[in-house]
Student: 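Structure incoming, see below.
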Protein chains: 2
Amino acid sequence: MKSVTIYDIAREANVSVATVSRVLNNSAPVKESTRRRIMEIIERNRFQPNALARSLLKKETGTIAMILPDITNPFFPEVFWGAENMGRELGYTFFLCDSAGDYKRESEYLGILRERRVDGIIFLGGRINVANCPSDLVQEVVDLSVHTPVVLVNGQLAGSGLHRIFTDEAKGAEMVVRHLIELGHRDIAFLGGLEYMSTTRVKIRAVRKVLKEHGLELAPDRIKYGDFSIQAGKTLMDELLASPRRPTAVICVNDFTAVGAIKSASEHGLGIPDDISITGFDGTPLSEAVIPELTTVSQNAYELGKLAVESLHKLINGGKVKKQTVLEPRLIVRKSTGPAKKVC
Amino acid sequence: MKSVTIYDIAREANVSVATVSRVLNNSAPVKESTRRRIMEIIERNRFQPNALARSLLKKETGTIAMILPDITNPFFPEVFWGAENMGRELGYTFFLCDSAGDYKRESEYLGILRERRVDGIIFLGGRINVANCPSDLVQEVVDLSVHTPVVLVNGQLAGSGLHRIFTDEAKGAEMVVRHLIELGHRDIAFLGGLEYMSTTRVKIRAVRKVLKEHGLELAPDRIKYGDFSIQAGKTLMDELLASPRRPTAVICVNDFTAVGAIKSASEHGLGIPDDISITGFDGTPLSEAVIPELTTVSQNAYELGKLAVESLHKLINGGKVKKQTVLEPRLIVRKSTGPAKKVC
DNA sequence: TCGTAAATTGTAACGGATTTCATTCTGCTT
DNA sequence: AAGCAGAATGAAATCCGTTACAATTTACGA
């Protein structure tokens with residue numbers, strides 16, 4: 001199963017490999033007649049140069065890796081899609097590594113990607129999303145970043161000084177709270193998210209801040225931690241509704257949990273938004289698909305991916321890049337929120 | 001930015017590169033003291049062998065590529081997730097190529113993957129999903145498959161003899177129709193899907209077949225073609241409901257369009273399933289999230305991905321693999337279908 | 001027709017691993 | 001202490017491109 005090499009082409013065309021290479025890359029002038037002759041032979045043999053050999057010498061592979069925590073969560077495909085579209089134009093091919101949010105898998109992948117000499121890495125989820133990341137896990141990424149540019153999307157590694165691109169989630173959460181307060185809600189709960197993850201903490205902190213501005217607070221029993229799944233949303237909402245006095249509005253950590261919350265509320269015979277308002281976060285297509293359509297905070301996932309690749313591309317080519325790029329969240333008011341109603 | 005090579009290690013340890021290589025791969029016995037000395041130096045220098053160099057010589061890269069039509073459609077992440085989990089254990093890393101269903105992009109990627117010498121390719125969507133694929137597009141894949149194993153998932157290339165893994169969609173569609181007929185439905189419509197795609201055709205053919213068995217038919221005005229998006233489902237359902245006599249049940253080409261159909265029906269004031277039954281296809285998490293929960297045909301996307309990698313792995317290692325692996329669909333009856341009701 | 005600059009083309013080193021075959025150590029037998 | 005098998009190690013070829021530098025042609029003016 002030996003495949004055709006540049007030597008085979010050179011031999012058949014009675015030229016040196018250098019000339020064939022020049023035809024291949026247009027890297028130097030070649031006599032028109034020679035070029036045509038070589039081209040014909042290349043095409044007839046369906047020759048395609050071996051990217052491994054080229055990369056080995058040029059020390060660049062034209063590959064970017066994206067490490068993310070869960071490709072089945074619709075937010076991430078959107079980020080990937082943005083990244084890939086930008087990357088394709090720039091000549092990159094993508095490794096996709098699903099870490100399942102597991103630090104160990106992340107480390108494994110980090111090692112593999114280093115061996116494979118990827119040109120750059122886009123990192124989402126996992127360790128860059130926890131409040132207090134163990135320093136050895138930080139160090140690992142920092143070490144790698146010395147040779148391979150790394151961009152963190154929606155996360156950070158304290159003290160690492162790595163490049164970051166993220167949505168201002170705090171601002172997004174604030175917008176949601178303000179929206180609910182304007183609708184007259186005074187008893188608001190927060191639902192979903194792992195307690196130790198920063199995406200959860202940041203939102204809760206923001207909610208607290210705005211509530212405080214209005215003389216309100218987020219009582220401990222109005223926070224229900226869980227994970228980010230539909231199932232969690234449902235379970236947590238069940239719990240919340242079991243309490244004697246139920247809140248008039250619930251802010252969910254993401255669209256998935258909001259969908260679960262809606263299911264639970266419906267099953268309890270509550271009308272949305274008449275009896276209770278529910279909000280999501282992320283603005284995935286799902287938020288528009290569900291009934292009632294979700295009021296949510298849209299983060300431009302596509303743009304996050306696109307910008308990550310853009311930055312990486314500059315870094316790869318030794319350019320200067322801003323350490324932080326912040327994307328503005330956008331509040332999308334739809335059908336799942338409405339005026340507060342007195343609760344019996 | 002020179003990185004550490006096996007030569008650097010060898011020099012520092014006062015041995016030849018061969019010995020270092022042997023330590024690295026356990027490919028031959030090395031004296032224990034030497035091994036320890038070398039290991040220490042490797043670790044201290046954080047040396048990781050260059051996968052490009054190894055691959056160049058060994059003619060295997062440990063990479064598999066998945067080409068798919070739309071990573072933002074939740075069915076595909078599920079397939080990828082299955083593939084990756086299986087592949088990770090076998091030592092593969094994954095390229096993900098989103099073709100957007102575009103033949104040209106598919107061809108581009110096919111070329112790139114060949115250059116990169118991937119060990120195998122999992123192909124979904126695009127050209128393998130159309131009824132009459134132009135022969136040059138078929139040939140392109142067949143040519144590639146001579147050097148690189150290819151597995152087609154949920155599709156085929158007529159006459160190509162390529163390995164296939166797919167869900168028996170016809171059977172799935174039949175199950176849905178039987179279910180609806182048992183519920184007393186006589187006027188059933190089919191909604192969504194591009195007319196020229198085989199996934200659409202196969203389903204419609206199956207629906208026709210079963211209806212015919214019961215002396216019923218699928219009239220032309222009971223078929224609404226479109227694409228596979230939520231939006232399409234909504235628009236097409238709007239059209240359908242504009243007709244004088246509306247069907248009592250609607251079979252949608254996938255879960256996305258079913259969600260759109262539900263939205264449309266709700267907006268028209270119809271109760272589901274009281275006024276109209278709606279079914280999905282694929283069994284994505286979305287089908288469970290939506291209200292009412294969708295009756296749908298589940299194809300085990302995770303398993304498709306997993307089996308694809310398994311087959312590929314065997315093919316890569318010269319093993320024998322069945323030309324076809326068929327997965328059984330599973331009818332999941334939930335809340336979106338109910339007994340037929342007389343229509344005014 | 002000769003000389004020289006410009007246009008083409010060729011030679012060979014290099015990138016970083018693996019592996020075959022040859023060589024040098026060991027330790028043990030007698 | 002010599003001989004020898006088996007263990008440990010090394011030398012060098014190989015994979016397939018790119019490119020610096022050298023060598024050869026070609027073209028054109030004098």
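Note that these values count all heavy atoms, side chains included, but never hydrogens, waters or copies made by symmetry. Keep in mind that this is a model prediction, so the values were computed, not measured. By convention in this document, chain letters (A, B, ...) are assigned in the order of the sequence lines, proteins followed by strands, and residues within each chain are numbered from 1.
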Student: Among dG17(D), dC15(D), dA17(C), which nucleotide has an atom closest to any side-chain atom of K59(B)?
Tutor: dC15(D)
Student: Will you find, in the side chains of D119(B) and T63(B), an N or O donor that is under 3.5 Å from an N or O acceptor?
Tutor: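 On atom types as modelled, these side chains do not qualify, holding no pair under 3.5 Å.
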Student: Which nucleotide sits closest to the side chain of A18(A): dG10(C), dC16(D), dA17(C)?
Tutor: dG10(C)
Student: By nearest nucleotide on DNA chain D, pick out whichever of L56(B) and A28(B) is the more 5' one.
Tutor: A28(B)
Student: I need the S145(A) OG to L162(A) CG distance, nearest 0.5 Å.
Tutor: 4.5 Å
Student: Given atom CZ of R116(A) and atom P of dA17(C), what is their separation to the nearest angstrom?
Tutor: 14 Å
Student: Rounded to whole angstrom units, what separation is found between the OH atom of Y7(A) and the P atom of dG17(D)?
Tutor: 8 Å
Student: Hey, is E108(A) close enough to K104(A) for a salt bridge, meaning N to O under 4.0 Å?
Tutor: no
Student: Looking only at side-chain atoms of V15(A), point me to the closest of dT18(C), dG17(D), dG10(C).
Tutor: dG10(C)
Student: Send over the distance from I38(A) CD1 to dG10(C) C1', rounded to a whole Å.
Tutor: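 Rounding to the nearest Å, CD1 of I38(A) and C1' of dG10(C) are 12 Å apart.
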Student: Is T34(B) touching bases, backbone alone, or none of the nucleic acid, heavy atoms closer than 4.0 Å?
Tutor: sugar-phosphate
Student: Looking only at side-chain atoms of I6(A), point me to the closest of dG17(D), dT9(C), dG16(C).
Tutor: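 Nearest listed nucleotide: dG17(D).
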Student: With DNA chain D as reference, determine whether P49(A) or S33(B) sits nearer its 5' end, using the nearest nucleotide of each.
Tutor: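 Upstream on the strand: S33(B).
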Student: For N14(A) and L52(A), find the nucleotide of DNA chain C closest to each by heavy atoms; which residue's nucleotide sits nearer the 5' end?
Tutor: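 This one resolves to N14(A).
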Student: Nearest whole Å is fine: how far is dC16(D) P from R114(B) CZ?
Tutor: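 Nearest whole value for this atom pair: 13 Å.
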Student: Starting at atom NZ of K31(B), determine the distance to atom C1' of dG10(D), rounded to an integer number of angstrom.
Tutor: 14 Å
Student: Given dA17(C), dA12(D), dT18(D), identify the nucleotide with an atom nearest to the side chain of V17(B).
Tutor: dA12(D)
Student: Report yes if a donor N or O on one partner sits less than 3.5 Å from an acceptor N or O on the other, where the partners are the side chain of R22(A) and the base of dG10(C); otherwise report no.
Tutor: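 Side chain to base: pair found, below 3.5 Å.
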Student: Nearest whole Å is fine: how far is dC16(D) P from N25(A) CG?
Tutor: 17 Å
Student: Counting side-chain heavy atoms from C-beta on, which of dT19(C), dA17(C), dC16(D) comes nearest to K58(B)?
Tutor: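 Selected nucleotide (nearest to the side chain): dT19(C).
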Student: Specify the separation, in whole Å, of atom CG of L57(A) and atom P of dC14(C).
Tutor: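 For the pair L57(A) CG and dC14(C) P, the rounded distance is 11 Å.
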Student: Contact class for T5(A) (heavy atom, under 4.0 Å): base, sugar-phosphate, or nothing?
Tutor: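 If one applies the 4.0 Å heavy-atom cut-off, T5(A) turns out to touch the sugar-phosphate alone, with no base involved.
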Student: Quickly work out the R35(A) CZ to dT9(C) C1' distance and round it to whole Å.
Tutor: 13 Å
Student: From the options dT19(C), dT18(D), dT9(D), select the nucleotide whose nearest atom is closest to the side chain of S21(B).
Tutor: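 Within the option list, the nearest is dT19(C).
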Student: Side chain of S16(A) only, heavy atoms from C-beta on: which candidate in dG10(C), dT18(D), dT8(C) is closest?
Tutor: dG10(C)
Student: Under 4.0 Å, heavy atoms only, any strand: does T19(B) hit a base, just the sugar-phosphate, or nothing?
Tutor: sugar-phosphate
Student: Side chains of E78(B) and N300(B): do they bring a donor and an acceptor to under 3.5 Å?
Tutor: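 Side-chain D/A pair, E78(B) to N300(B): absent.
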Student: Using only heavy-atom distances, determine whether the side chains of R116(A) and T93(B) contain a donor-acceptor pair under 3.5 Å.
Tutor: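 R116(A) vs T93(B): donor-acceptor pair found between side chains.
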Student: Would you check if the side chain of N73(B) reaches a backbone N or O of D70(B) as a donor-acceptor pair within less than 3.5 Å?
Tutor: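 No; judged by distance alone, with no hydrogens or angles, the pair does not exist.
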